[in-house]
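A quick write-up on the structure given underneath.
To find a chain, count down the sequence lines: A is the first, B the second, and so on, and within it residues start at 1.
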Amino acid sequence: MSTDETAPVEKPRNFIHEIIDEHNRAGRFGGRVHTRFPPEPNGYLHLGHAKSICLNFGTALKYGGKCNLRFDDTNPTKEDVEYVNSIMDDVRWLGFEWDGVYYASDYFEQLYQWAELLIQKGLAYVDSSTLEEIRQNRGTVTQAGSPGKYRDRPSEESLNLFRRMRAGEFADGAHVLRAKIDLAHPNMLMRDPILYRIRHAHHHRTGDDWCIYPMYDFAHGYSDSIEGITHSICTLEFEVHRVLYDWLIDSVGDIHHPQQIEFARLNLTYTMMSKRKLLELVESETVAGWDDPRMPTIAGIRRRGYPPSAIRAFCDDIGVTRFNGMTDLVVLENAIRNDLNRTAPRYMAVLKPLKVVITNYPEGQSETLDAVNNPEDPSAGTRQIPFGRELFIEHDDFLEDPPKKFFRLAPGREVRLRWGYFITCQEVVKDASGQIVELRCTYDPATRGGNSPDGRKVKATIHWVSAADAIPAEVRLYETLFTVPDLSEIPEDADWRSYLNPNSLTVNTDAKLEPALANLAVGDRCQFERLGYFCVDQDSKPGHPVFNRTVTLKDTWAKEQKKGD
RNA sequence: UGCCCGGUAGUGUAAUGGUAGCACAACAGAUUUUGGGUCUGUCUGUCAUGGUUCGAAUCCAUGCCGGGCAACCA
């Protein structure tokens, strides 16, 4: 990790840092801090993982320690190198670099040796019961379990069977290795948990070397121990696993013993954070892929245009606690806007064009006007935008019969064209069906640049593009993927897919852009003035730019209108 | 109804026995060539009941509410 962060530890930012401070005072790990981010490569990373990544890597940075990337690849039937690669891309994109990349599968031989050791110590046995029998003798949350018929199998016999399991002599499911703890333990996890199962499956890294694979609990703590992890940070649902984590490490003798600490996972309104269901959305082609901009995946939000710095700021904002809450999506959006407001260059683009003819502007004439690129950042400079007799303005910026609080263009009303002139609407042109197709306006040549020499005020400034110079573009607008804020409240017997938002994607193919927008590259972020922040999508082709709306600007007028409803 | 973990404005998060603060949201106003931004102000909170203490969000007890745990998943 970078060394410029080894400065004295500042004020703790969360309860985990307090625990670490306490460890450091007591000399628990010799002042060392070594964390790890341990994903299973069975899906793409999402915002929930971003919280964990920021916590683990951020903690290492804060204490001048280290953070590993470790793939918990103990289930060959679900994992794939595609996921390994995407995870590495995503961690780096978020702005972090690991001190080492490891795989639980690198430790399979050592893990196996510890399993034999546990058998020899009488702390593990091979159980030849069926899945159903094992489930039966485990009891229920309110009832103790009872020992199965293989529980007292002599350790030589278990050892022999375990070696033959490894040798591939048995079919999947014929035997499992179980810890011998307590079938009556109040914690279900301690009722002789399964340690190894037979899986004749090809592993993405170890190939066909193994046909037995360790379970999560067995592999995870030992992997932490091998890597010298000091603080094994995980989410709250692993809390009940901690006693088993400790039991397994203590049972093989004097090896490094990390401290497991649990925190609350991220829950976001309107956001699905289940890897399994996200996979379903991809496989059913409900979305265009793992990187669909509507997805909460890191790949999705990257394509959507969320800056990594904003995600890190968001993770700082929400904090780390043991309280299982629900964070409002607007907090994320606020972090995005806050970041982009400072950094995104401004441009003008019209989503729903309405033609405007400036009747007193000489036919065939044109000019260029100066525009400020970013009012929040003078160093962003200025640019030139073309102006001519025919323009496009936003259809929503004109109302023939405006309500009281509507400040924009209307018959007889004067508004300012951003960086341009004051114009006044003189005439509304409609087609046979009564649709407004064109506005005929006059401009005041004295207001060039947007200021009137006589000090006359207008109530609105609207965006526009010169019709002769406009670049046609496709713009994709997004809403939340789901219609309910709290997805956990969808009833068990209901189909969660029926809560998908049919309006989550709107493709607009009629957009008109100012010419400077043609110079942006895929991934570039910008603001379309008054509309929101946008970025160039990878589907763009020469002559056919495609933009994604990252997030809208705050819209007081829209809020005002909603009140009226 | 067994075990474990939680509960601070609407939401999230500080305060670690000594003035309950911050962010987002909401509302009001000022400013503004983006109904953006910025600035100012307002509203709203310690789950309940007891106890310990000069003093409790904080410690203790009980209750209430929420979450987790019975995959050969992680």
Side-chain angles (χ1 to χ4, degrees), chain A residues 12-15 18 38-40 42-43 72-75 77-79 104 127 130-131 134-136 138-145 172-178 185-191 193-199 212-213 215-217 219-220 234-243 262 264 269 275-276 316-328 330-335 337-338 341-342 346 348 371-372 375-376 405-408 416-420 422 447 449-451 458-463 488 527-532 552-560:
Chain A
R13 274 204 293 267
N14 59 53
F15 79 99
E18 287 175 21
E40 183 190 12
N42 68 340
D72 258 347
D73 55 350
T74 57
N75 186 353
T77 60
K78 291 188 175 174
E79 297 152 8
D127 193 335
T130 64
L131 206 167
I134 289 173
R135 191 174 297 153
Q136 289 291 321
R138 195 151 20 215
T140 69
V141 289
T142 53
Q143 274 174 273
D172 288 7
H175 310 280
V176 291
L177 182 71
R178 287 232 259 171
H185 199 106
N187 180 343
M188 297 293 297
L189 259 303
M190 295 295 273
R191 320 246 264 225
I194 290 168
L195 270 20
Y196 267 88
R197 76 285 212 188
I198 302 171
R199 275 264 204 290
I212 56 171
Y213 291 92
M215 299 288 289
Y216 165 82
D217 288 298
H220 191 83
C234 60
T235 45
L236 244 28
E237 68 268 28
F238 291 102
E239 192 180 327
V240 290
H241 294 242
R242 191 173 63 236
V243 58
E262 312 86 18
T269 56
K275 263 187 177 180
R276 205 198 83 233
D316 277 350
D317 283 353
I318 59 177
V320 178
T321 65
R322 291 172 64 82
F323 175 69
N324 224 312
M326 176 69 69
T327 298
D328 199 317
V330 301
V331 177
L332 208 213
E333 292 184 337
N334 176 263
R337 290 189 187 107
N338 198 26
N341 177 48
R342 293 189 312 258
R346 272 66 172 175
M348 290 199 284
V372 170
E376 304 295 318
K405 289 179 179 172
F406 184 86
F407 305 146
R408 282 109 95 148
R416 171 167 41 228
L417 294 175
R418 180 78 156 156
W419 310 123
F422 286 12
T447 57
N451 289 302
V458 287
K459 290 204 84 172
T461 301
I462 64 172
H463 59 276
S488 71
Q527 182 189 114
F528 289 174
E529 293 224 25
R530 304 209 302 132
L531 296 176
T552 60
L553 250 28
K554 276 192 200 164
D555 192 342
T556 316
W557 170 237
K559 203 196 292 179
E560 191 66 39

Choose from [options] the nucleotide whose nearest atom is closest to any side-chain atom of [X].
X      : options                : value
A/W557 : B/rG36, B/rG35, B/rC72 : B/rG35
A/E529 : B/rU34, B/rC73, B/rG2  : B/rU34
A/V330 : B/rG68, B/rA25, B/rA74 : B/rA25

Could you give the [atom1]-to-[atom2] distance, from [X] to [N], as a whole number of Å?
X      : N      : atom1 : atom2 : result
A/E262 : B/rC69 : CD    : P     : 14 Å
A/I318 : B/rA25 : CD1   : P     : 16 Å
A/D317 : B/rA14 : CG    : P     : 12 Å

Heavy atoms under 4.0 Å, any strand shown: does [X] hit a base, just sugar-phosphate, or nothing?
X      : value
A/T74  : sugar-phosphate
A/H241 : base
A/E239 : sugar-phosphate
A/N324 : sugar-phosphate

For [N] and [M], measure between their [atom1] atoms and round to the nearest Å.
N      : M      : atom1 : answer
B/rG17 : B/rC59 : P     : 9 Å
B/rG67 : B/rG29 : C1'   : 43 Å
B/rG6  : B/rC60 : P     : 11 Å
B/rA74 : B/rC65 : C1'   : 30 Å
B/rA25 : B/rA15 : P     : 24 Å

Measuring to OP1 and OP2 of [N], would you say a side-chain N or O of [X] lies under 4.0 angstrom away?
X      : N      : answer
A/R242 : B/rC5  : no
A/R530 : B/rG37 : no
A/K554 : B/rG37 : yes

For A/F323 and B/rG7, are the ring centres under 5.5 Å apart with planes inclined under 30°?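 Stack criterion not met.
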Give a yes/no verdict on base stacking between B/rA74 and A/Y216: centres under 5.5 Å, planes within less than 30° of parallel.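 Answer is no, no stack.
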5′-ward residue of the pair A/T447/A/T556 relative to RNA chain B: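 Going by which nucleotide is closer to the 5' end, it is A/T447.
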Nearest nucleotide by nearest heavy atom, which residue falls closer to the 5' end of RNA chain B, A/T461 or A/T327?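 On the 5' side of the pair lies A/T327.
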Can you list the residues that meet the ring pair (Phe, Tyr, Trp, His ring centres under 6.0 Å) rule with A/H185, with sequence neighbours excluded?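 Listed in chain order: nothing, the list is empty.
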Give me the ring orientation class for A/F238 and A/Y216: parallel if the planes are under 30° apart, tilted from 30 to 60°, perpendicular past 60°.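 Plane angle between 30° and 60°, so tilted.
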Is a donor-acceptor contact shorter than 3.5 angstrom present between the side chain of A/R408 and the base of B/rG35?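 Check passes, donor-acceptor contact within cut-off.
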Classify the side chain of A/E376 versus the base of B/rU38 as yes if they form a donor-acceptor pair under 3.5 Å and no if they do not.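 Looking at the base of B/rU38, it does not pair with any donor or acceptor on the side chain of A/E376 (distance under 3.5 Å).
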Dot-bracket for RNA chain B, please, read 5' to 3', with Watson-Crick or G-U wobble pairs under 3.5 Å on both distances, ( ) within the strand, [ ] crossing, | other strand, . unpaired. .((((((..((((....[..)))).((((((.....))))))....(((((..]....))))))))))).....
